[in-house]
Amino acid sequence: IGARRKVVLGCVAIASLAALTLWAPWATAAPATNEATDGTAEQLFFKFRNILKPPRRSPTGYSQFLHQTGAEEMVAKALSYSESVYNESTAKAFAAMSKLAYCGDLPGLYSAVASTCSLAGLPGVTGACERSGFEVVPGLVRTLTAHGDAALFGYVARVKEAAGAEIADFAALAAGSAKLGPVADGLLVSIRGAINSMNSSLTSMNIASSLNVTGCQGCKVHQGYSDAYAQLKGALMSALKELQCNPGDCNVYITGHGAGAAISAIAAWELSEHNYTIGKSYIFGAPQVGNQEFAAHMNERFTGKQGPVFQVTQGKDSVARWPHEGDYTSWGVEAHYEDVSATKPQICWAGSKSCGVMKFTKIELNSQDHCESALAPGKNFCTFTYWSTQCYGGLGFEVAHNAMAGFKALPENMKAQLPQQPVGHMANTWHPSTRDGDLERAMKNCQNPKEFYNLNTLKAFAALAKITYCGPSSGVQNSVISTCKGGDGVCGKAGFGVVPNSVTEVSAPYNGSRRA
């Protein structure tokens with residue numbers, strides 16, 4: 001398709017979406033159930049857990065517990081069921097919905113969500129949701145915000161099964177590498193992950209345990225993520241009510257990336273406690289959310305009775321293994337992709353030694369794999385190729401890709417005039433230390449000054465000192481943050497980072513200059 005036609009497609013997309021904002025009432029479908037053929041695995045887990053004397057050290061995962069009780073066959077059956085219903089086309093659609101949450105509360109979000117999941121029939125353009133057999137109902141997208149904390153954000157979209165939708169990947173279906181599994185009528189909840197803001201960083205780093213888990217005796221969850229859900233809960237319940245999603249007769253699907261995945265997991269538990277049915281869902285790069293009791297309850301509920309809720313991980317993502325300290329443990333079924341070119345994930349019990357990110361030592365983990373993804377649009381959750389045309393202009397991922405050939409040909413100075421994503425709204429690539437407490441313990445044992453010397457720390461300080469020669473310019477804050485961004489930068493190698501949005505310029509008059 002020529003460049004001119006691609007631009008026309010973008011215009012057609014916007015016009016089509018505007019025309020589709022009128023909505024007719026739909027018939028409310030009964031909640032979908034995903035009972036396993038042999039649905040006794042989770043029941044057996046709880047039966048054994050209650051009647052057997054616990055081992056000296058509790059197992060760290062559902063599969064490990066069942067192995068210790070001699071229920072290997074049940075483990076295999078439950079995992080086999082989860083593997084049989086994993087659908088990569090649907091996972092890609094959920095990845096797109098997760099990524100769009102990083103737009104934040106901008107005017108183009110509503111159309112971008114609907115366009116990405118639209119069956120408008122634009123020639124030559126097939127969306128991720130269309131390939132999976134469902135769509136977002138135009139005009140029925142609502143945002144979730146928290147009073148006083150702009151870092152917390154999400155959205156809710158009415159979704160429905162697309163009757164007669166075109167399933168584009170026939171070759172994959174014929175080869176048995178793809179499965180038809182359309183999302184039934186209901187609501188999809190997408191929560192934004194951590195962004196470059198002080199509040200977002202404090203939320204993730206608040207790893208104290210909270211006992212505020214409805215109907216889950218002995219369960220503890222990450223305090224920061226629990227508080228974040230509490231702040232969004234009012235907006236979420238209002239959106240569910242407005243979009244006529246009532247307990248007992250509505251399917252709810254969850255998604256999110258990083259911190260957004262963790263908050264979504266807590267939301268799934270809380271909503272299910274209020275009689276909402278959690279449908280088969282996909283979350284991405286989720287950290288460990290709670291203790292072993294919480295993991296056990298999540299396994300029991302979301303690996304057959306509802307869901308499943310798949311935890312999709314990538315490579316050596318450090319966040320998926322965090323927090324490293326305390327009683328935190330993984331839960332559920334993990335779908336792990338080795339790299340961005342991987343076409344088939346490892347389906348396994350999260351937390352098992354040979355499963356996904358657990359295969360790597362802490363030293364091997366990195367922050368790069370938290371953003372990169374085999375499933376996300378552009379193979380990355382954290383960056384947009386066409387941010388302004390999507391988050392402001394409202395184009396879906398596939399439409400933007402097909403319609404923006406002309407953009408690539410623009411001179412760089414003209415591209416720069418388009419709105420750019422603010423640094424404070426970008427996905428946060430901070431990742432947790434892989435050696436929590438090691439530095440503190442080492443320094444306590446130091447005997448002479450030479451042992452305090454660290455070349456990596458010296459290099460990091462030298463880089464930060466050099467930035468001061470930029471003077472009071474507009475790029476200083478970005479320079480400091482980018483220098484100390486990620487685990488592979490000079491600061492990351494020294495074991496520290498700069499808290500986003502905490503950089504403040506200090507200047508004073510000297511020898512006739514106001515800002516010397």
Side-chain angles (χ1 to χ4, degrees), residues 28-35 42 90 94 97-98 101 134 136 140-146 152-160 183-193 210-217 219-222 224-257 259-284 286 289-290 293-311 331-333:
T28 303
T33 58
N34 288 318
E35 291 285 354
E42 294 83 3
T90 308
F94 275 59
M97 295 293 99
S98 292
F134 75 97
V136 167
L140 295 182
V141 178
R142 300 292 182 268
T143 56
L144 306 175
T145 57
L152 291 175
F153 177 78
Y155 67 86
V156 177
R158 167 65 71 170
V159 295
K160 68 176 183 177
V183 172
D185 294 6
L187 293 187
L188 184 144
V189 179
S190 178
I191 307 295
R192 180 170 66 180
S210 169
L211 288 169
N212 188 24
V213 186
T214 305
C216 193
Q217 186 175 3
C219 293
K220 297 180 181 179
V221 294
H222 183 288
Y225 299 140
S226 177
D227 291 346
Y229 171 71
Q231 289 181 266
L232 290 173
K233 181 178 178 180
L236 174 58
M237 301 310 291
S238 295
L240 295 180
K241 183 177 181 180
E242 181 184 352
L243 297 177
Q244 300 181 22
C245 182
N246 302 311
D249 68 350
C250 182
N251 301 302
V252 177
Y253 305 91
I254 64 162
T255 194
H257 172 249
I263 298 168
S264 294
I266 295 174
W269 175 266
E270 294 289 337
L271 290 173
S272 69
E273 280 292 298
H274 289 84
N275 205 27
Y276 288 95
T277 298
I278 304 301
K280 184 174 66 175
S281 301
Y282 302 83
I283 58 178
F284 305 89
V289 181
E293 286 294 321
F294 181 71
H297 282 77
M298 292 292 280
N299 284 328
E300 187 271 341
R301 185 165 298 182
F302 298 124
T303 54
K305 292 184 175 181
Q306 295 190 47
V309 176
F310 290 98
Q311 299 206 51
W331 63 273
V333 178

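Here the structure is a predicted model, which is why all the values come from computation and not from measurement. We count residues from 1, following the sequence as given.
- The closest donor-acceptor contact from the side chain of Ser264 to the backbone of Thr255 lies under 3.5 Å.
- Put simply, the side chain of Glu293 never gets that close to the backbone of Cys216: no donor and acceptor are under 3.5 Å apart.
- Residue Gly186 comes nearest to Arg158 through the heavy atom pair O-CD, 3.3 Å, listed as atom of the first residue, atom of the second, then distance.
- Note that CE of Met237 is 11.5 Å distant from CG of Leu144, once rounded to the nearest 0.5 Å.
- Here the closest non-hydrogen pair linking Ala265 and Trp331 is CB-CZ2, 3.9 Å.
- With sequence neighbours excluded, the residues that form a ring-ring contact (aromatic ring centres under 6.0 Å, His included) with Phe310 are Tyr86, Tyr282.
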- Please lay out, stage by stage, how Leu240 and Leu271 fare under the test side chain to side chain contact (heavy atoms under 4.5 Å, CB included). CA-CA 11 Å; Leu240 295 180; Leu271 290 173; 3.8 Å; yes
- Might you work through the side chain to side chain contact (heavy atoms under 4.5 Å, CB included) test for Ser210 and Asp227, ending with a clear yes or no? CA-CA 9 Å; Ser210 169; Asp227 291 346; 5.5 Å; no
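- Here the shortest heavy-atom pairing between Tyr225 and Ala259 reads CE2-CB, 3.6 Å.
- Contact of the Val333 side chain with the Pro308 side chain is not registered, since no non-hydrogen atoms from C-beta on lie closer than 4.5 Å.
- From Gln306, atom CD reaches atom OH of Tyr276 across 13.0 Å, with rounding to the nearest 0.5 Å.
- The side-chain contact (heavy atoms from CB on, under 4.5 Å) check on Glu273 picks up Thr214, Trp269, Arg301, with sequence neighbours excluded.
- In this structure, the separation between CG on Asn275 and SG on Cys250 is 11.0 Å, given to the nearest 0.5 Å.
- Scanning all heavy atoms of the two residues, the minimum distance from Ala228 to Ile263 falls at CB-CD1, 3.6 Å.
- Ile283 CD1 to Ser190 OG: the interatomic distance, rounded to the nearest 0.5 Å, is 11.5 Å.
- Across Gln311 and Ala286, no two heavy atoms sit closer than the pair OE1-CB, 3.5 Å.
- Distance alone, capped at 3.5 Å, is enough to place a donor-acceptor pair between the Tyr253 side chain and the Ala184 backbone.
- Closest heavy-atom contact between Tyr229 and Leu236: CE1-CD2, 4.1 Å.
- In this structure, CD1 in Ile254 is found 10.5 Å from CD1 in Ile266, a value given to the nearest 0.5 Å.
- Note that the NE2 atom of His297 and the SG atom of Cys219 stand 5.0 Å from one another [nearest 0.5 Å].
- With hydrogens and angles disregarded, no donor-acceptor distance shorter than 3.5 Å links the side chain of Asn251 to the backbone of Thr277.
- At distances below 3.5 Å, at least one donor-acceptor pair connects side-chain atoms of Tyr155 with backbone N or O atoms of Met97.
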